[in-house]
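Written below as structure tokens is the structure these notes are about.
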Amino acid sequence: MSDLHYVFGYASLVALEDVEALSGRLNGFRRCWGAAMNNWEGGEGAKHYLDRASGERPRIRVAYLDLCEKAGLFVNGLALPVDADRLAALDEREINYERVDVSAAFQPADGDRVADTAPTPLPPASPGRVFTYVGTEAARERCRRGLAAGDCFVSRDYVSGVQRAFAALGEEASAEFDHTTDPLPFPERNLTLILDGRAVD
């Protein structure tokens, strides 16, 4: 197994700037709002959100983008190079997701391929495997329950941050993101993310 692999980012990971990242598509998927966390679980040191207006920790579920398998479709994004240490750090970061191997579905951007062509391998200089993160079954169940109960929201900062990350890739990438992403099924809410006891801008 090669020492260097890639993680395909299709949402917030796109904001992790890396000059060695490979732009491309993941065939057979569509971006959906399918994972969520329970904001009331864990102590003050656990990841959670505060309501910006009240400063309180609301008893809500907070949703994130996920990948849904859809034959004939694709999502755009960036494949970030990772060594063993960075991969371990991402595994720890993505607590509502599990890492899966999508090497066969990754298609590097080359300007003239379309979504329904056969996936192409990585260039010879990039021999590693390609992984991505999909919502765990527990995270997806929380999302389903939140949708049914009406207590699931999406952080406004998360939405705008993902949109900015794709806009930074160019107008075409931004338009492709919009085209390959399901509409929001939950209301946005003005929330502050708290990690390790500190607010994250």
Side-chain angles (χ1 to χ4, degrees), residues 1-35 37 47 63-137 139-140 158-159 161-182 195 200:
M1 191 166 79
S2 169
D3 291 332
L4 182 66
H5 302 293
Y6 289 83
V7 167
F8 183 82
Y10 56 89
S12 60
L13 288 183
V14 174
L16 300 181
E17 297 179 2
D18 195 315
V19 295
E20 301 297 326
L22 300 175
S23 62
R25 296 174 173 179
L26 204 60
N27 291 316
F29 295 92
R30 181 168 174 82
R31 249 179 306 256
C32 58
W33 296 91
M37 60 169 282
K47 175 182 178 179
Y64 304 96
L65 283 164
D66 192 6
L67 288 179
C68 301
E69 292 189 36
K70 296 286 184 180
L73 299 182
F74 70 89
V75 297
N76 63 324
L78 291 179
L80 307 169
V82 293
D83 57 16
D85 290 341
R86 191 179 190 191
L87 195 56
L90 287 173
D91 285 348
E92 185 175 355
R93 175 187 190 268
E94 301 296 323
I95 59 174
N96 292 295
Y97 297 82
E98 59 184 338
R99 174 162 48 93
V100 296
D101 190 328
V102 290
S103 301
F106 178 66
Q107 181 179 326
D110 62 10
D112 59 7
R113 299 188 187 277
V114 294
D116 59 356
T117 58
T120 56
L122 289 170
S126 307
R129 293 156 64 189
V130 181
F131 301 99
T132 197
Y133 290 93
V134 299
T136 63
E137 183 51 41
R140 289 176 172 179
Y158 176 80
V159 174
V162 174
Q163 290 172 336
R164 283 195 305 272
F166 277 89
L169 299 180
E171 186 176 336
E172 183 177 346
S174 182
E176 198 166 77
F177 168 81
D178 291 339
H179 178 68
T180 58
T181 304
D182 283 349
L195 281 179
V200 177

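Excluded from the calculations below are hydrogen atoms, water molecules and symmetry mates; all remaining heavy atoms, backbone and side chain alike, are included.
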Review point. Under a 4.5 Å cut-off applied to non-hydrogen side-chain atoms, are Leu26 and Tyr10 in contact?
Key: no
Practice item. Verify side-chain contact (heavy atoms from CB on, under 4.5 Å) between Tyr6 and Leu22, making sure each step is shown before the conclusion. Key: CA-CA 9 Å; Tyr6 289 83; Leu22 300 175; 3.8 Å; yes
Review point. How close do Ser174 and Ala167 get, heavy atom to heavy atom, and via which atoms?
Key: CB-CA, 4.0 Å
In a table with atom names and distances, give each donor-acceptor pair under 3.5 Å that connects a side chain of residues 67-82 to protein atoms at least two apart or in another chain.
| unit_1 | atom_1 | unit_2 | atom_2 | d |
| --- | --- | --- | --- | --- |
| Asn76 | OD1 | Arg31 | NH2 | 2.7 |
| Asn76 | ND2 | Ala173 | O | 3.1 |

Review point. In chain order, what residues pass the side chain to side chain contact (heavy atoms under 4.5 Å, CB included) check against Ala11, with sequence neighbours excluded?
Key: Leu65, Tyr158, Val162
Practice item. Please tell me if the side chains of Arg86 and Leu16 come closer than 4.5 Å, counting only heavy atoms from C-beta onward. Key: yes
Point to revise | Glu92, CD atom: more than 12 neighbouring heavy atoms under 6.0 Å | key: no
Review point. In Å, rounded to the nearest 0.5 Å, how long is the span from OG of Ser23 to CD of Glu176?
Key: 9.5 Å
**Study point:** Qualifying residues under ring pair (Phe, Tyr, Trp, His ring centres under 6.0 Å), relative to Phe177, sequence neighbours excluded
**Key:** Phe166
Check your understanding: Just wondering, are more than 12 heavy atoms of other shown residues or ligands nearer than 6.0 Å to CD in Glu98?
Key -> yes
Check your understanding: Glu94: what forms a salt bridge (Lys or Arg N to Asp or Glu O under 4.0 Å) with it, not counting sequence neighbours?
Key -> none
Practice item. Could you tell me the separation between the CG atom of Leu13 and the CZ atom of Phe8, rounded to the nearest 0.5 Å? Key: 10.5 Å
Exercise for review: Over all heavy atoms of both residues, which pair between Cys32 and Asp182 is shortest? Give the atoms and the distance, please.
Suggested key: CB-OD2, 3.4 Å
Check your understanding: Mind checking what makes salt bridge (Lys or Arg N to Asp or Glu O under 4.0 Å) contact with Asp101, not counting sequence neighbours?
Key -> Arg129
Check your understanding: Of the non-hydrogen atoms in Leu87 and Tyr133, which two are nearest, and what is the gap between them?
Key -> O-OH, 3.8 Å
Practice item. Go through the structure and list residues passing salt bridge (Lys or Arg N to Asp or Glu O under 4.0 Å) with Arg99, not counting sequence neighbours. Key: Asp91
